[in-house]
Amino acid sequence: MHPHYAAYYAVIAEIPRGAVATYGQIARLAGRPGRARQVGYALHALPPGSPIPWQRVINARGELSLPELGGRKSRQRRLLEREGVRFDVRGRVDLRRYGWRPDVA
DNA sequence: ACTCAGGCGCTAC
DNA sequence: AGTAGCGCCTGAG
């Protein structure tokens, strides 16, 4: 496992139920701005059954960045809907409404 | 709303 | 060893 992955996982673990965050946002919060793509790799590398809420990470356009092939995309959508996240007709999430706004506290 | 280019790091062949 | 393609983003046009 690559060293920075743990930092991404730590941030992702903080996303509350009913909210979503973008890859770029995770990278920034993990102190690695510009590494959005690496966040995708980190998630891809997650073992099945991991407690990390991978489904709460979507792209900056509010879309699910997973191929429909293999049913992973629809699984992600199901998980999110179960948590209260709504999708529009085009299958997109309104980030203004569901986007995670971490408390700066 | 769209495309394009550049940046980023990794994987798989 | 090189390269193409990725769970991506931003800025410019």
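Note that these values count all heavy atoms, side chains included, but never hydrogens, waters or copies made by symmetry.
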Does any residue of residues 45-54 of chain A have a heavy atom under 4.0 Å from DNA chain C, and if so, which ones, in number order? A/Trp54
Quick one: stems involving DNA chain B, counted as three or more successive Watson-Crick or G-U pairs, both distances short of 3.5 Å. B:2-7 with C:8-13, B:9-13 with C:2-6
Do A/Arg35 and A/Tyr8 get their side chains close enough for a donor-acceptor pair, meaning under 3.5 Å? no
Quick one: list whatever passes salt bridge (charged side-chain N to carboxylate O under 4.0 Å, His left out) with A/Glu83, sequence neighbours left out. A/Arg56
Which part of the nucleic acid, if any, lies within contact of A/Val39, taking any heavy atom under 4.0 Å across all strands shown: a base, the sugar-phosphate backbone alone, or nothing? nothing
Between B/dC8 and C/dG5, how far apart are the two C1' atoms, rounded to whole Å? 14 Å
Partner residues of A/Ala7 under the side-chain contact (heavy atoms from CB on, under 4.5 Å) criterion, sequence neighbours left out: A/Ala30
Hey, what else clusters with A/Leu95 if you join Ile, Leu, Val, Met, Phe, Trp, Tyr whenever side-chain heavy atoms sit under 4.5 Å? A/Val20, A/Ile58, A/Leu64, A/Leu80, A/Val85, A/Phe87, A/Val93, A/Tyr98
Rounded to whole Å, CG of A/Leu69 lies from P of C/dG7 at a distance of 12 Å
Between the CD atom in A/Gln25 and the CZ atom in A/Arg101, the distance rounded to the nearest 0.5 Å is 9.5 Å
Nearest-angstrom distance, P atom, B/dG7 to C/dG7: 22 Å
A/Arg28: what forms a salt bridge (charged side-chain N to carboxylate O under 4.0 Å, His left out) with it, not counting sequence neighbours? none
What protein N or O atoms touch nucleotides 11-13 of chain B N or O atoms at under 3.5 angstrom, if any, and at what distances?
residue	atom	partner	partner atom	Å
B/dT11	OP1	A/His2	NE2	3.1
B/dT11	OP2	A/His2	NE2	3.3

Can you name the residues that form a salt bridge (charged side-chain N to carboxylate O under 4.0 Å, His left out) with A/Arg61, not counting sequence neighbours? A/Glu63
Just jot down the side chain to side chain donor-acceptor pair (under 3.5 Å) partners of A/Tyr23, sequence neighbours excluded, or say none. none
Find the distance between CD (A/Gln38) and CZ (A/Arg32) and round it off to the nearest 0.5 Å. 5.0 Å
Excluding sequence neighbours, so at least two apart, what forms salt bridge (charged side-chain N to carboxylate O under 4.0 Å, His left out) with A/Arg96? A/Asp94
Any chance you could list the contact pattern along nucleotides 8-13 of chain C? Use B for base contacts, S for sugar-phosphate-only contacts and - for none, protein heavy atoms under 4.0 Å, 5' to 3'. BSS---
What's the spacing between A/Trp54 CH2 and A/Leu43 CG if we round to 0.5 Å? 9.5 Å
Distance in angstrom units between A/Arg72 CZ and C/dG7 P, rounded: 7 Å
When you measure from every atom of DNA chain C, which of residues 80-99 of chain A have a heavy atom less than 4.0 Å away? none
